[in-house]
Amino acid sequence: MHAAPKLSVVIPTLNEADHLPALLDDLRAQTLAVEIVVADGGSQDATCAEVERRGLGVVRGAKGRGVQMNAGAERSHGEILLFLHADSRLAGAMQLETALTAFEAERASSPVLVAGHFALRFDRTGPTADALFRFMEAKTRSGRRGTINGDQGLMLARSDFEALGGFDTRLPFLEDQRIAEQIFANGRWVLLPGELRTSARRFETEGHRRRYALMALMMVMHELGIEEFFQVAPQVYAAQGSAQPLRLEPFLDLARQMFWKHMRRDAGAFRRLGRYVRGNAWQLGLMADIARGGERSVWRDRVDRSVASLLDRPGLNLISDFVAASLAAGLVLGLAPRVERLAWRYSARLRGSGPSQ
C-alpha cells in the first residue's frame, strides 16, 4: 500500500463543470502529491463526470457547502486539509509545496492553533470597478477579522479541524466566517505564500457594488445574531448558476424590519453594532490608500493610530459606539433603500424596461 499524501484538498461542488476542470488540472500539475476529494451537493451538469473522467472519486451528499466540506474531510486521509472553492486557480506548480512548507514551519513554532489562507486575485472579464476589486484583494492580505473567507482557501491540520467541530452547517453559507471566528478565538491565521485566482463572475453577474453592499449587510446581520434574516431570505447567496442582476431593495427593507424588531428584544445590540462599525474603520484608511494608487498602509495606519485609539478611550467609546451605530443604521436602513430604488429605476430605463415590482 502507498502512504496517503500529507495534504488533502477538499473541493465542494454544485454544477461546476465549467470551472472545476481547470482547478483539477492545476492540482495534478503540482510538484507536491496531494489527495483530491470532490464533495458534490447534487450537480445536474457534467461536474461529476469530469471528476470521474480524471480517475477521481466523488463524495455525494446533501447540498450545502459546510455539509459537503465536512463530508469530504471525513472521507479524506491527509494530516493537513486544504479547502478550496471550485472556481479557484493556483498560481504555479510549486504553490502548494511552498504553502505547506510555510504552514508547517508556522505550526511547529506556535503554541496555539494555526490556520492558513491565501491572498486573492480576481479573474475579471473587463476593467469595470477596478478600484473595488483592488480594495477587496488588499483586504484578503490584511489578515484582519471579517476579511478571511472560504474563497481564500483554508489550510488546517486535521486534528485542529476536528477539535473545532468542523464547519457549522446551520446555514448553507457563512460556514467560512464562522470557522474563521473560531480560529481567531482559539489561535491565529497566517498568510500563505502565493495567491489564489478566483472568478469574479458573481460580482459581474449580480452587479459589483450591489453584491459587495449585500455582503456587508449580511455581515452586519450575522454580527448582530439576526439569524432570521438568512432563514427568511436565503437567496442572499444564490447558487452561481442561478445568479442574476441583484436588486438590493427587498433585502434592505427586510433588514430594516428585523433590525428594529431585534433592538426591542436585545437593547445591547445597538452598541454591538457601533463597536463592529468602529472595528472596521480601518477599511476607510485602506480605501484611501487604494485611491492613492497603492497598498502602502499610510492612511490605514493613521486610522489605527489616531482615530481608532482615540475613539476607544474610556468615556469616549460609549459615545462613539452610539454615533457609529446611528450613522450605520441611518445609512444602511434609511438612505440606502432610497438610493437603491433610484438606481434600479435608472438602470431599468437604460435596459428599456420598467423596474420589476
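The figures here come from the full heavy-atom set of this structure, side chains too, leaving out hydrogens, waters and symmetry mates.
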**Report entry** Side chain E50, main chain L20, donor-acceptor under 3.5 Å
**Finding:** no
Query raised in the report: Is any side-chain heavy atom of F135 less than 4.5 Å from a side-chain heavy atom of Q283?
Result: yes
Report summary line: Rounded to the nearest 0.5 Å, the CD1 atom of I11 sits from the CG atom of L23 at a distance of 4.5 Å
**Report entry** Minimum side-chain heavy-atom gap L248-L217 below 4.5 Å
**Finding:** no
Query raised in the report: Under the 3.5 angstrom rule, does the side chain of D160 hit a backbone N or O of L113 as a donor-acceptor pair?
Result: no
Query - Shortest non-hydrogen contact between R124 and T128, atoms and distance - result: NH1-O, 3.7 Å
**Report entry** R158 (side chain) donor-acceptor with S76 (main chain) under 3.5 angstrom
**Finding:** yes
Query raised in the report: Atom CH2 of W189 and atom CZ of F184: how far apart are they, to the nearest 0.5 Å?
Result: 7.5 Å
Query raised in the report: Between the main-chain N or O of L224 and the side-chain N or O of H262, is there a donor-acceptor pair closer than 3.5 Å?
Result: yes
Requested in this report: Supply the atom-to-atom distance F103 CZ to I80 CD1, rounded to the nearest 0.5 angstrom.
Outcome: 5.0 Å
Query - Close side-chain approach of R178 to F167, heavy-atom, < 4.5 Å - result: no
Requested in this report: Taking only Lys NZ, Arg NE, NH1 and NH2, and the carboxylate oxygens of Asp or Glu, determine whether E204 and R211 approach each other closer than 4.0 Å.
Outcome: no
Query raised in the report: For residues T140 and Q152, is any side-chain donor paired with an opposing acceptor at under 3.5 Å?
Result: no
Report task. Would you confirm whether E195, through its side chain, and F118, through its main-chain N or O, come within 3.5 Å as a donor-acceptor pair? Result -> no
Query raised in the report: Just by distance, do the side chain of E227 and the backbone of M221 share a donor-acceptor pair under 3.5 Å?
Result: no
Report task. Answer yes or no: is there a side-chain heavy-atom contact under 4.5 Å between L286 and W299? Result -> no
Query - Test item: T205 side-chain N/O and R202 main-chain N/O as donor-acceptor pair under 3.5 Å - result: no
Requested in this report: Would you indicate whether R75, at its atom CZ, is surrounded by more than 12 heavy atoms from other residues, nucleotides or ligands within a distance under 6.0 Å?
Outcome: no
Query raised in the report: Can you tell me how far the CE atom of M258 sits from the CZ atom of F230, to the nearest 0.5 Å?
Result: 10.0 Å
Query raised in the report: Does the side chain of F259 come within less than 4.5 Å of V220's, by heavy atoms?
Result: no
Query raised in the report: Passes side chain to side chain contact (heavy atoms under 4.5 Å, CB included), V67 versus K63? Steps please.
Result: CA-CA 7 Å; V67 174; K63 181 173 68 174; over 6 Å; no
Query raised in the report: Is there a chain of hydrophobic side chains (I, L, V, M, F, W, Y, each step under 4.5 Å between heavy atoms) that links F173 to F229?
Result: yes
Requested in this report: Could you tell me whether the side chain of S43 and the main chain of D45 form a donor-acceptor pair under 3.5 Å?
Outcome: no
Query raised in the report: Without hydrogens or angle criteria, can the side chains of E35 and H77 be said to hold a donor-acceptor pair below 3.5 Å?
Result: yes
Requested in this report: Determine whether H117 and L191 make a side-chain contact, defined as any pair of heavy atoms from C-beta on separated by less than 4.5 Å.
Outcome: yes
**Report entry** Lys/Arg-Asp/Glu bridge criterion (N-O < 4.0 Å) met for D123, R89
**Finding:** no
Query raised in the report: L120, L82: one ILVMFWY side-chain cluster at the under-4.5 Å cut-off?
Result: yes
Query - Cluster link L7 to V38, ILVMFWY, side chain under 4.5 Å - result: yes
Query raised in the report: Shortest non-hydrogen contact from N15 to Q44?
Result: OD1-N, 2.5 Å
Query - Flag, side chain of T47 to backbone of A17, donor-acceptor distance under 3.5 Å - result: yes
Query raised in the report: Under 4.5 Å between side-chain heavy atoms, hopping through other hydrophobics if needed: is there a path connecting V37 to V9?
Result: no
Report task. Verify salt bridge (charged side-chain N to carboxylate O under 4.0 Å, His left out) between R201 and E16, making sure each step is shown before the conclusion. Result -> CA-CA 13 Å; R201 53 186 168 151; E16 291 288 359; 3.1 Å; yes
Query - Under 3.5 Å: donor-acceptor pair, side chain of N149, backbone of D151 - result: no
Query raised in the report: Given side chains that start at C-beta, do those of E97 and Q30 come closer than 4.5 Å, heavy atoms only?
Result: no
Query raised in the report: Could you give the distance from OG1 (T101) to CD (E106), rounded to the nearest 0.5 Å?
Result: 12.0 Å
Report task. Kindly write out the residues that satisfy ring pair (Phe, Tyr, Trp, His ring centres under 6.0 Å) with Y276, not counting sequence neighbours, or none if the list is empty. Result -> none
Query raised in the report: Looking only at heavy atoms, what is the nearest atom pair of P193 and A102, with distance?
Result: CD-CB, 3.8 Å
Report task. Drop me the distance from W282's CH2 to D289's CG, to the nearest 0.5 angstrom. Result -> 10.5 Å
Query raised in the report: Quick one: do the D40 and Q68 side chains pair a donor with an acceptor below 3.5 Å?
Result: no
Query raised in the report: Just wondering, are more than 12 heavy atoms of other shown residues or ligands nearer than 6.0 Å to CZ in R188?
Result: yes
Query - Check ion pair K6-E104 (N to O, under 4.0 angstrom) - result: yes
Query raised in the report: Any salt bridge between R256 and D253, counting N to O under 4.0 Å?
Result: yes
Query raised in the report: For the residue pair F83 and F161, does the interplanar ring angle fall in the parallel (under 30°), tilted (30 to 60°) or perpendicular (over 60°) class?
Result: tilted
Report task. Could you state whether M219 and F270 fall into the same hydrophobic cluster, counting links through intermediate Ile, Leu, Val, Met, Phe, Trp or Tyr residues with side-chain heavy atoms under 4.5 angstrom apart? Result -> yes
Requested in this report: In sequence, state the C-alpha distance, the side-chain angles, and the governing distance for T198 and H85, and then conclude on side chain to side chain contact (heavy atoms under 4.5 Å, CB included).
Outcome: CA-CA 8 Å; T198 189; H85 285 186; 5.8 Å; no
Report task. Check the angle between the aromatic planes of H208 and F133 and answer parallel, tilted or perpendicular using the 30° and 60° thresholds. Result -> perpendicular
Requested in this report: With the side chain counted from C-beta on, respond yes when V34 and I36 share a heavy-atom pair under 4.5 Å apart, and no when they do not.
Outcome: yes
Query raised in the report: Is R144 paired with D304 through a side-chain N to carboxylate O contact shorter than 4.0 Å?
Result: yes
Query raised in the report: Can you tell me if CD on E52 sees more than 12 non-hydrogen neighbours from other groups inside 6.0 Å?
Result: yes
